[in-house]
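These numbers come from a predicted model, not from an experiment. Residue indices begin at 1 and follow the sequence shown.
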Amino acid sequence: MEKKYIFITGGVVSGLGKGITAASLGRLLKNRGYKVANQKFDPYINVDPGTMSPYEHGEVFVTDDGAETDLDLGHYERFTDENLSQYSSATTGRIYSEVIERERRGDYLGKTVQVIPHITNAIKEKVYKFESTEVDIVITEIGGTVGDIESLPFLEAIRQIGIEKEEKDVLYIHVTLLPYIYGSNELKSKPTQHSVKELQSLGIKPDILVCRAEQEIGESLKQKIALFCNVRKQDVIQNKTVDVLYEVPMMLEKEGLAHRVCEKLQLNDCPNHKNWETMLDNMEHAKNKGIRIAIVGKYIQLEDCYLSVIESIKHGGFANGIQVEINLLDSEKITKQNVKESLKGYQAVIVPGGFGGRGIQGKIETIHYVRENKIPFLGICLGMQMAVVEFARNVLGYTDAASEEFDEATSHPVIHIMQEQINLTKKGGTMRLGSYPCHLLENSLAKKVYGKEEISERHRHRFEYNTKYQEEMEKHGLICSGTSPDGKLIEIVELQNHPYFIACQFHPEFQSRPDRPHPLFVNLVKAALTLKETEEEM
């Protein structure tokens, strides 16, 4: 079959759920037997979100091939269970950077380089990268809101694709808002009308409108929207708010989104939602057993900073048949004096990744407390590094032990930057990014959790465990249970004689799926449940 292209734009305001709509549609089409790839174009001029504060756009999601991307790619992967790549993410900054690099090389043979055709051609190249793959349907989300000056080149590029491809192979979906006015108790369609008018002025006629509304959209309002926005009534799809994020695909299925997409793109429409519906049924019947898990970090004002970690805990909870209460605790406010009170009532603790020295001491105090009080613990990236630092300080007696990231003068750099990383930095790189293999130690907790000897996990870090201290650490009980195949890099550490104390240099949250939860989170929740049951028996 010919490749099909679906473009999703947003109007009125940002944050309406374009990413969830794109991810949900991907799942619905996959459930019809199609190979789907999701893609995100972000209008900001940063080359990628890797150097941006998490407060700007939430977490940085990393793909297998090491691309630092927008968090929407995490939604895509969790919903479709398809591993994406660098081709699934592009920003204005990356597009312009590539075009300027080509101009400097002389690729344009002295021509005047312009937005049209050079920038738009570069954007289209990103979409057409999937032409040589087995993908049947490419779903491309355009970040931002129609009317933003930054997104104009992307909108022009997808308009051109609509002309270059057969009409039956291209579809435009516009996600918009119907605000509810409480004074008059009615939904208003005028902002949607203006947004569609703006999109049409750019040469794009939306085929389907996905309308976000807090109240039910009546048939008469759907008819009005259809009339004024030049679409059929059945192409006005309501996007309701649901209790659980993973209910969105089936909600949109009932609203008829995928059915209309299949009709317009002339696709077979034979859905099989059995597995997804079984998963939702399990979630619905998950019991609330009062399990509380704390994420101790420093970006707690915005939950999206730890989005994948939060979702992975939920996945682990559902796998254990329970709902988990998740709370974010500010590591800057945790001290030796208040750590006991801060962690009171939690059955497990996660210290996630991060950069910079702010809040580090609070993380160390947290790890010290959970280690000594046998509270289930999972350290991720920086969380693993701080577990090593804490152990060196409080068990080995190296009171100034630290990471070179925060203290270059320390006499005990238990976390350091390796020569390979220094060489990488000189070449223009800064971090170990993407998937790397890991060998697990026989008879270790890690081996028991994963159930196999070889794994592959995604990384995003600069500093590593200093193997100079490995022998002494292991002699005192902090075992290196996961290493690179050559044994030079430490990937996992775990504590002996503890119910669940494990920390990894990689980011397991990037590979957790609602229907295929990551074993590190599944077993963390299981250990928390055991602790809760023990507390109740006492």
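With respect to R94 and E101, no salt bridge is recorded, no charged nitrogen being found less than 4.0 Å from a carboxylate O. Using a 4.0 Å cut-off between a side-chain N of Lys or Arg and a carboxylate O of Asp or Glu, D81 and R516 qualify as a salt bridge. Contact check on K264 versus D235 returns a salt bridge, with a Lys/Arg side-chain nitrogen under 4.0 Å from an Asp/Glu carboxylate oxygen. Under a 4.0 Å N-O distance rule, the pair R460/E68 qualifies as a salt bridge. At a threshold of 4.0 Å, the pair K240-E255 counts as salt-bridged, since one of the basic side-chain nitrogens sits closer than that to a carboxylate oxygen. Classification of K124 and E131 as a salt-bridged pair fails, no side-chain N sitting under 4.0 Å from a carboxylate O. At a threshold of 4.0 Å, the pair E253-R32 counts as salt-bridged, since one of the basic side-chain nitrogens sits closer than that to a carboxylate oxygen. Between D107 and R105 there is a salt bridge, with a side-chain nitrogen of the basic residue lying less than 4.0 Å from a carboxylate oxygen of the acidic one. Ion pairing of K40 with D42 is present here, as a side-chain N (NZ or NE/NH1/NH2) and a carboxylate O approach within less than 4.0 Å. Taking a cutoff of 4.0 Å between a charged side-chain nitrogen and a carboxylate oxygen, E82 and K30 qualify as a salt bridge. A salt bridge between K168 and E2 is absent, with no side-chain N of the basic residue lying under 4.0 Å from a carboxylate O of the acidic one.
Within the 3.5 Å criterion, the main-chain N or O of V135 finds a donor-acceptor partner in the side chain of K3. With hydrogens and angles disregarded, no donor-acceptor distance shorter than 3.5 Å links the side chain of T69 to the backbone of L73. In this structure, the side chain of K18 does not engage the main chain of T145 through any donor-acceptor pair within 3.5 Å. In terms of modelled atom types and a separation under 3.5 Å, the side chain of S88 and the main chain of Q39 share no donor-acceptor contact. Side-chain N or O atoms of N239 include none that pairs as donor or acceptor with a backbone N or O of A213 at under 3.5 Å. For N466 (side chain) and I415 (main-chain N/O), no donor-acceptor pair under 3.5 Å exists by modelled atom type. In this structure a side-chain-to-backbone donor-acceptor pair under 3.5 Å is present from S151 to D148.
Under a cut-off of 6.0 angstrom, the local environment of NZ in K165 is crowded, with over 12 non-hydrogen atoms contributed by other residues, nucleotides or ligands. Dense packing is recorded around CD of Q301, with more than 12 heavy atoms of other residues, nucleotides or ligands lying under 6.0 Å away. The 12-atom threshold is exceeded at CD of Q193, counting heavy atoms of other residues, nucleotides or ligands nearer than 6.0 Å.
The CG atom of L265 sits 11.5 Å away from the CG atom of D136 when rounded to the nearest 0.5 Å. Between the OG atom of S435 and the CD atom of Q511 there is a distance of 5.0 Å, given to the nearest 0.5 Å. With rounding to the nearest 0.5 angstrom, the OG atom of S312 is 14.5 Å from the OH atom of Y306. For the atom pair CD1 of I20 and CZ of R212, the computed distance is 9.5 Å after rounding to the nearest 0.5 Å. Considering CD of E464 and CD1 of I490, their distance stands at 9.0 Å, rounded to 0.5 Å. A distance of 9.5 Å separates CZ of R78 from NZ of K314, quoted to the nearest 0.5 Å.
Looking only at atom types and distance, the side chain of S308 has a donor-acceptor partner in the side chain of E59 under 3.5 Å away. Under the 3.5 Å distance criterion, with hydrogens and angles disregarded, a donor-acceptor pair is assigned to the side chains of E491 and H459. For the residue pair E198 and H194, no side-chain donor N or O sits within less than 3.5 Å of a side-chain acceptor on the partner. No side-chain donor-acceptor contact under 3.5 Å links T120 and R159. Under the 3.5 Å distance criterion, with hydrogens and angles disregarded, a donor-acceptor pair is assigned to the side chains of E457 and Y450.
In this structure the side chain of P508 reaches within 4.5 angstrom of the side chain of C504, judged on heavy atoms. When side chains are defined from C-beta on, V99 does not count as touching E103, because their heavy atoms never get closer than 4.5 Å. Residues N31 and W276 are in side-chain contact: their nearest non-hydrogen atoms beyond the backbone lie under 4.5 Å apart. Counting only heavy atoms from C-beta outward, the side chains of R358 and E332 approach each other to under 4.5 Å. Annotation: side chain of I217 is in contact with side chain of L178 (closest heavy-atom distance under 4.5 Å). Side-chain contact between Y96 and V115 is present, with heavy atoms from C-beta onward closer than 4.5 Å. By the 4.5 Å heavy-atom criterion applied to side chains, L25 and I6 are counted as neighbours. Contact annotation: the side chain of E56 never approaches that of Y44 to less than 4.5 Å [non-hydrogen atoms, C-beta and beyond].
Classified by interplanar angle (parallel below 30°, tilted 30° to 60°, perpendicular above 60°), the ring pair F79/H75 is perpendicular. Taking the six-membered ring where the residue is Trp, F41 and F154 present parallel rings, their angle staying beneath 30° rather than reaching 60°. Using the six-membered ring where Trp is involved, F521 and H518 have ring planes that are perpendicular, over 60° apart on the 30 and 60° scheme. In this structure, Y55 and Y299 have perpendicular ring planes: the angle between them is above 60°, well past the 30° mark.
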With side-chain hydrogen bond (donor to acceptor under 3.5 Å, both in side chains) as the test, would you mind laying out the steps for S195 and H174 before giving the verdict? CA-CA 9 Å; S195 182; H174 192 51; 2.7 Å; yes

Start with the C-alpha gap between E454 and C438, add the side-chain angles, then the distance that decides, and say whether side chain to side chain contact (heavy atoms under 4.5 Å, CB included) holds. CA-CA 6 Å; E454 301 291 334; C438 173; over 6 Å; no

Step by step, would you call R458 with E77 a salt bridge (Lys or Arg N to Asp or Glu O under 4.0 Å)? CA-CA 14 Å; R458 301 179 190 180; E77 287 205 1; 3.1 Å; yes

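Both the sub-6.0 Å distance and the 45° axial angle are satisfied by R432 relative to the ring of Y436. No cation-pi contact links K197 to F228, judged by a cut-off of 6.0 Å to the six-membered ring centre and 45° from its axis.
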